[in-house]
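Comments concern the structure below.
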There are 2 protein chains.
Amino acid sequence: MRDPLSRTFAALADPTRRAMLARLSEGEANVSDLAEPFLKDMTLPAVTKHLKVLENAGLITKGRKAQWRPCQLNGEPLREAVDWMEQHRIAAEAQLDRLGAYLKAKTKGTRHGRK
Amino acid sequence: MRDPLSRTFAALADPTRRAMLARLSEGEANVSDLAEPFLKDMTLPAVTKHLKVLENAGLITKGRKAQWRPCQLNGEPLREAVDWMEQHRIAAEAQLDRLGAYLKAKTKGTRHGRK
DNA sequence: CGGTTAATTAACAAATCGGTTTTATAAATG
DNA sequence: CATTTATAAAACCGATTTGTTAATTAACCG
């Protein structure tokens with residue numbers, strides 16, 4: 001059992017699953033629709049498993065319509081993951097800015113730190 | 001060998017590694033500084049391995065200063081990952097908006113779709 | 001009903017992951 | 001030079017991941 005953020009990132013750490021999400025970001029699709037681009041590379045049960053990973057991460061929801069399972073993307077976990085990343089990326093860049101300011105101050109007047 | 005985006009997401013899919021990045025977003029730190037909060041839970045080699053994962057993903061860079069390895073966060077892979085996520089999250093929400101507009105149009109005037 | 005279509009489940013194997021202990025390296029320090 | 005400090009590398013192990021094939025479920029169609 002893993003925390004939600006870890007499950008989200010783990011789900012995204014696979015190009016097949018990301019391609020499936022990309023496809024779903026253009027609109028609802030059935031399992032076989034989603035599988036189609038990958039059936040040269042893997043079997044249907046493998047696709048089902050990938051979808052299960054995405055579902056467990058809350059990134060997609062599966063409906064049912066007769067024998068079809070229309071899937072749709074849920075953006076919420078993506079938003080939470082982005083929030084985490086932006087928070088720290090921004091902090092890291094602020095660090096760099098402070099370093100830049102420090103270096104600039106340190107070399108002020110020496111006129112040889114330009115590039 | 002995995003693509004860069006997959007390596008980034010995989011690196012982020014672990015709370016220990018995320019905590020290390022969070023620490024680094026506040027500024028440079030040595031391996032032992034980064035290890036300190038986790039040494040009740042795991043050994044130092046385990047920490048070294050986590051840092052290797054982050055380094056391979058390009059999320060941190062390790063310098064050297066005598067026997068210390070000052071690490072610092074590199075925001076660039078985070079930015080690329082965020083770009084990917086935002087692109088699809090936004091597309092997904094646009095889908096929802098279109099669906100909402102459709103439902104609204106469809107029930108216009110019928111006065112029985114209220115909750 | 002019997003067959004077809006869509007998708008899932010089960011059982012299995014190889015590869016990867018996340019930890020361990022032990023050993024090694026490399027620089028500082030007495 | 002011998003010791004200590006900071007870190008990495010090697011070998012190993014159990015758990016998880018990612019794929020397979022074969023069997024199963026469930027709904028529709030003639």
Side-chain angles (χ1 to χ4, degrees), chain A residues 1-21 23-24 27-73, chain B residues 1-21 23-24 27-73:
Chain A
M1 299 281 152
R2 250 193 308 196
D3 62 291
L5 210 41
S6 295
R7 247 180 280 144
T8 300
F9 283 126
L12 291 169
D14 181 288
T16 302
R17 288 193 293 261
R18 284 199 306 278
M20 289 168 168
L21 292 179
R23 167 69 184 73
L24 286 175
E28 196 173 276
N30 297 322
V31 172
S32 36
D33 300 332
L34 291 168
E36 189 267 324
F38 304 106
L39 292 181
K40 11 178 178 68
D41 304 323
M42 69 185 71
T43 60
L44 196 61
V47 168
T48 297
K49 282 194 180 186
H50 279 301
L51 289 174
K52 201 80 204 147
V53 172
L54 291 172
E55 201 178 4
N56 288 338
L59 283 162
I60 68 170
T61 53
K62 259 186 261 190
R64 36 173 62 205
K65 197 170 273 186
Q67 66 264 61
W68 294 273
R69 297 298 124 92
C71 304
Q72 59 180 52
L73 199 156
Chain B
M1 297 283 151
R2 250 191 309 196
D3 63 291
L5 209 43
S6 295
R7 247 179 282 146
T8 300
F9 283 127
L12 291 169
D14 181 290
T16 302
R17 289 195 292 261
R18 284 201 305 280
M20 289 169 168
L21 291 180
R23 168 69 183 75
L24 285 174
E28 196 175 276
N30 297 321
V31 172
S32 36
D33 299 333
L34 291 167
E36 189 267 324
F38 304 105
L39 292 181
K40 11 180 177 64
D41 304 321
M42 68 186 74
T43 61
L44 197 58
V47 169
T48 297
K49 279 195 180 185
H50 280 302
L51 289 174
K52 201 79 202 150
V53 172
L54 292 173
E55 201 180 4
N56 288 338
L59 284 162
I60 68 170
T61 54
K62 261 185 258 189
R64 35 173 63 205
K65 199 169 269 185
Q67 67 265 61
W68 293 273
R69 298 296 123 92
C71 304
Q72 60 180 52
L73 199 157

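In what follows, every chain begins at residue 1, and chains take the letters A, B, ... in the order their sequences are listed.
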Residues from residues 47-57 of chain B sitting under 4.0 Å of DNA chain D, heavy atoms only?
->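 Hits under 4.0 Å, by residue number: B/Thr48, B/Lys49.
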Candidate nucleotides [options], ranked by approach to the side chain of [X] - the nearest:
{"X": "A/Met42", "options": "D/dT20, D/dA27, D/dA8", "answer": "D/dT20"}
{"X": "A/Pro45", "options": "D/dT17, D/dA10, C/dT9", "answer": "C/dT9"}
{"X": "B/Gln67", "options": "D/dA6, C/dT8, C/dA6", "answer": "D/dA6"}
{"X": "B/Ser32", "options": "D/dT7, C/dA27, D/dT20", "answer": "D/dT7"}

Rounded to the nearest angstrom, tell me the gap between atom [atom1] in [X] and atom [atom2] in [N].
{"X": "A/Phe38", "N": "D/dT18", "atom1": "CZ", "atom2": "P", "answer": "14 Å"}
{"X": "B/Asp33", "N": "D/dT5", "atom1": "CG", "atom2": "P", "answer": "16 Å"}
{"X": "B/Leu34", "N": "D/dA8", "atom1": "CG", "atom2": "P", "answer": "11 Å"}
{"X": "A/Leu44", "N": "C/dT8", "atom1": "CG", "atom2": "P", "answer": "8 Å"}
{"X": "B/Leu12", "N": "C/dG18", "atom1": "CG", "atom2": "P", "answer": "12 Å"}
{"X": "A/Glu36", "N": "C/dA7", "atom1": "CD", "atom2": "P", "answer": "13 Å"}
{"X": "A/Arg7", "N": "D/dT16", "atom1": "CZ", "atom2": "P", "answer": "13 Å"}
{"X": "B/Phe9", "N": "D/dT17", "atom1": "CZ", "atom2": "P", "answer": "18 Å"}

If you pin A/Arg64 and B/Asn30 to their nearest nucleotides in DNA chain D, which one's is more 5'?
->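 Of the two residues, B/Asn30 wins.
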So, do [X] and [Y] sit near enough that their side-chain heavy atoms are less than 4.5 Å apart?
{"X": "A/Met20", "Y": "A/Val53", "value": "no"}
{"X": "B/Leu21", "Y": "B/Leu12", "value": "yes"}
{"X": "A/Leu73", "Y": "A/Leu59", "value": "no"}

May I ask you to verify if any side-chain N or O of B/Arg69 is less than 4.0 angstrom from the OP1 or OP2 atom of C/dA26?
->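 Checking C/dA26 against B/Arg69, no side-chain N or O comes under 4.0 Å of OP1 or OP2.
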Kindly say if A/Arg2 contacts the phosphate of D/dT17, meaning a side-chain N or O under 4.0 Å from OP1 or OP2.
-> yes
Tell me, which pairs form a side-chain hydrogen bond (donor to acceptor under 3.5 Å, both in side chains) where one or both residues lie in residues 43-53 of chain A, sequence neighbours left out?
-> A/Arg17-A/His50, A/Lys52-A/Glu55
Touch check for B/Ala66, heavy atoms < 4.0 angstrom, all strands: base, sugar-phosphate only, or nothing?
-> sugar-phosphate
Touch check for B/Lys62, heavy atoms < 4.0 angstrom, all strands: base, sugar-phosphate only, or nothing?
-> sugar-phosphate
Straight-line distance of B/Glu28 CD to B/Lys62 NZ, nearest 0.5 Å =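 Rounded to the nearest 0.5 Å, the CD-NZ separation comes to 13.5 Å.
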Can you measure from NZ (B/Lys65) to CD (B/Gln67) and round to the nearest 0.5 angstrom?
->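 Going from NZ on B/Lys65 over to CD on B/Gln67, the span is 12.5 Å.
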Of all the heavy-atom pairs spanning B/Leu24 and B/Cys71, show the shortest one and how long it is.
->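 Of all heavy-atom pairs spanning B/Leu24 and B/Cys71, the closest is CD2-O, 3.4 Å.
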